[in-house]
Amino acid sequence: MVVAAGGSASRKKGHKRERGTTLFVFLCVLPALVFLAIFLYYPIVETFRISQVKTTGLSEEVFVGLDNYRKLFADEEFLAGLRHVFSWAFWSIVIQLPLSFFIAFGLTYYSNRMSNTLRAIFYLANILPSAITAMLGKMVFAPNYGILVTIGKVLGWKWLASADFLGNPKFAFWSVFVIATWAYAGFYIIYFMARMEQIPRDLREAAELDGASALRYAWSIVLPDLSYAIRICAVLCTVGSLKLFDLPYLMTTGGPGYATVTLGITLYRHGFINWNYGKAAAIGVVIFVLSLVFTIIQFTIGKGKDA
Amino acid sequence: MGEVNTMAVKPDRPRSIQGTRRRHRPAEIIVTVVLSILALFVIFPFVIPFLFAAKTQLEFAYHPWAWPKSFQVKNFIDAWKAVRIDKGLINTLIVCIGSIVCTIPPAALSGYVFARYRSRFTEILFYLILIGYFIPVQMVLVPLYKMEVATHINDTLYGLFLPMAAFGIPFWTLIYRSFFKSLPNELAEAARIDGAGHWSVLFRIMFPLAQPATVLAVLLVFIGAWNDYLLSLVLLTDQNNFTMQLRVASFLNAYGTDRMPRYAAAAIISAAPTVILYIIGHRGIIKGTLAGAIKE
């Protein structure tokens, strides 16, 4: 069955060789499979089972069926987390992607000696540990010593000088969002740039001969050409908002109230602070189902690629 | 569809929409200036911790944003002692090295097989591993923790880097697969005709050729393990085992802003390795990251 790619030579050597090949293939794939079986496949199956029991880890497990899910959908914190998946995804798509598109276009269209350095700088925040990103976010938005408050003091703007961005439910979500944009937009920028660099040069030359401005060229040629990349990034935004944990947890621990709660934070709180495994596993299943849906959307989008 | 891009491993494509060399036009200058200002906004937060870490506590309390009078090296020493940074660095390094050792060889082996020994059987295995690429870590946290408690490997460093490796293997299998696919077949074929077995082809020819991919993998797995927060938070409970990120994060909870200069100093130390690695290898890192982006 197993044949070395392009190797008609090995096919001729008969059965002994073939059995050796099968063994080789098996041994090569084995370590990866063992890792995944223990730390991924088994836990996946377990998640579904635990999501249907009531247990604290110490107490006996009691089968409760879909009770955990029923409780979840009556749980305000969970519902807030679920809402935030969608609002976070929406605003990421509406704000981060166009911003990244313009930066990427500017860097590619007017490529010069600065471009590579600038690209490296825009991606820099992306590789920072999230604990540090969150800390920097706090230094920007904190009351008393935060930089925005300090600017307010210097300019004599009372509303800014006394603002508590992270403690005010109206602003907390947006404060975290700004820091997330700072940290994550770099990826979309480098991805868009890589795609833009693949657009054939003739197209640009033809557009310039026709007297098209940079904006016109961006709108009529680059944007349609990148439609697939943009859709992929939209899916990444959505999946990212589903997995969001570090930044809101470290900046606001989900508060004030439930203003910045995410599904990840709810899961962590139910599972590892309240030790309610059943409920936490149920949230895990919800995250899984949603990411499955988003992934299927991604595959469908991929098939519909026309360019 | 669902393939992983091989951008990482192919030579640079010609920069096609960039301008040919010509005089700088006003529009270009304006755009470059605007982008440079934006880039300054991106860089600026990196300066903040240095501004804070250089000050005494008193100086920070009165003039947090003023230029520091002198550079307080003492903050770094105090921070080092207060959160046991030495212990944190060692723990994090162990996690990073463990993660590299457990992620890359299995991924390289399976990636090689999926690239060069294609059959229905390996296709099925490939999709089995691909599943892992789409599973969010959050989904398996609870059973993972339960399992680690049951087998008494929770709150150990290998209990952290083993699952970390498992979550990384699918991605790196994809990368190695596309890398090995892009290699010419002639060398391996010639060696095989000379009687080299599967293993010697793999270890003598293919793995040395895969060096660029391996360098990338080492870099990115290291950065990923160094930066991890969620898994460490869940799996480690003993302060002694805390990694750098956990130490830095718990520092603020413990002291609030009372010890901001020290805290900033700790943050600088904990971010330095990834930032320095990025400055040295940003070309490769960006390429490698793009290789993970889903391709048409």
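Computed from a predicted structure; not experimentally measured. Chain identifiers are assigned alphabetically (A, B, ...) following the order of the sequence lines, protein sequences preceding nucleic acid strands; residue numbering begins at 1 within each chain. Every heavy atom of this structure was used, including side-chain atoms; hydrogens, water molecules and symmetry mates were not.
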Below 4.5 Å, heavy atoms only, C-beta onward: do [X] and [Y] meet side chain to side chain?
| X | Y | result |
| --- | --- | --- |
| L36(A) | P170(B) | yes |
| M147(B) | I38(A) | yes |
| K146(B) | P43(A) | no |

Locate the shortest heavy-atom distance separating [X] from [Y]; write the atom from each residue and the value.
| X | Y | value |
| --- | --- | --- |
| V113(B) | C28(A) | CG2-CB, 3.2 Å |
| V31(B) | G106(A) | CG1-CA, 3.9 Å |
| Q245(B) | P129(A) | OE1-CB, 3.3 Å |
| P31(A) | L109(B) | CG-CD1, 4.2 Å |

Contact class of [X] relative to chain B, heavy atoms under 4.5 angstrom:
| X | result |
| --- | --- |
| I147(A) | both |
| S291(A) | side chain |
| I190(A) | both |
| Y268(A) | side chain |

Quiz item: Once the angle between the rings of F24(A) and W199(B) is folded into 0 to 90°, is it parallel (under 30°), tilted (30 to 60°) or perpendicular (over 60°)?
Solution: perpendicular
Between [X] and chain A, with a heavy-atom cut-off of 4.5 Å, which part of the residue counts as in contact: side chain, backbone, both or neither?
| X | result |
| --- | --- |
| Y112(B) | side chain |
| I279(B) | neither |
| A27(B) | both |
| S36(B) | both |
| V140(B) | both |
| I135(B) | side chain |
| L220(B) | neither |
| F44(B) | side chain |
| V42(B) | both |
| I129(B) | both |
| L35(B) | both |
| A107(B) | neither |

Give a yes or no on whether the backbone of [Y] and the side-chain of [X] come within a donor-acceptor separation of less than 3.5 Å.
| X | Y | result |
| --- | --- | --- |
| Q138(B) | K243(A) | yes |
| Y278(B) | A120(A) | yes |
| Y277(A) | P143(B) | no |
| S110(B) | A32(A) | no |

In terms of heavy-atom pairs under 4.5 Å, which option from [options] contacts chain A the most?
| options | value |
| --- | --- |
| I223(B), L141(B), I48(B), L162(B) | L162(B) |
| C102(B), A264(B), G111(B) | C102(B) |
| L125(B), L128(B), V275(B) | L128(B) |
| F41(B), Y145(B), F52(B), F114(B) | Y145(B) |

Between [options], who has the most heavy-atom pairs with chain B when the cutoff is under 4.5 Å?
| options | answer |
| --- | --- |
| L136(A), L267(A), L124(A), I132(A) | L124(A) |
| F294(A), Y42(A), Y249(A), Y123(A) | Y123(A) |
| L107(A), L118(A), I127(A), I103(A) | I127(A) |
| L40(A), V154(A), V239(A) | L40(A) |
| V286(A), D246(A), V285(A) | D246(A) |

Atom pair [atom1] ([X]) and [atom2] ([Y]), whose distance is rounded to the nearest 0.5 Å:
| X | Y | atom1 | atom2 | value |
| --- | --- | --- | --- | --- |
| I121(A) | H282(B) | CD1 | NE2 | 9.0 Å |
| Y110(A) | E28(B) | OH | CD | 7.5 Å |
| Y229(B) | L250(A) | OH | CG | 4.0 Å |
| R119(A) | R283(B) | CZ | CZ | 7.5 Å |
| F272(A) | L233(B) | CZ | CG | 9.0 Å |
| N126(A) | I285(B) | CG | CD1 | 11.0 Å |

Quiz item: Is the ring centre of F167(B) less than 6.0 Å from the ring centre of F39(A)?
Solution: no
Quiz item: Is the distance between the ring centroids of F46(B) and W182(A) under 6.0 Å?
Solution: yes
Quiz item: Would Y117(B) and V29(A) satisfy side chain to side chain contact (heavy atoms under 4.5 Å, CB included), going step by step from the backbone distance to the final call?
Solution: CA-CA 11 Å; Y117(B) 294 82; V29(A) 182; over 6 Å; no
Quiz item: In chain order, what residues pass the side-chain hydrogen bond (donor to acceptor under 3.5 Å, both in side chains) check against N227(B), with sequence neighbours excluded?
Solution: none
Exercise. State whether the number of non-hydrogen atoms from other residues, nucleotides or ligands found under 6.0 Å of F102(A) atom CZ is greater than 12.
Key: no
Quiz item: When you look at CZ of F26(A), are more than 12 heavy atoms from neighbouring residues, nucleotides or ligands closer to it than 6.0 Å?
Solution: no
Quiz prompt | salt bridge (charged side-chain N to carboxylate O under 4.0 Å, His left out) involving E148(B) - partner list, sequence neighbours excluded | solution = none
Practice problem: Would you check, one step at a time, whether the test side chain to side chain contact (heavy atoms under 4.5 Å, CB included) holds for M135(A) with Y263(B)? | Solution: CA-CA 10 Å; M135(A) 182 203 79; Y263(B) 173 53; 3.0 Å; yes
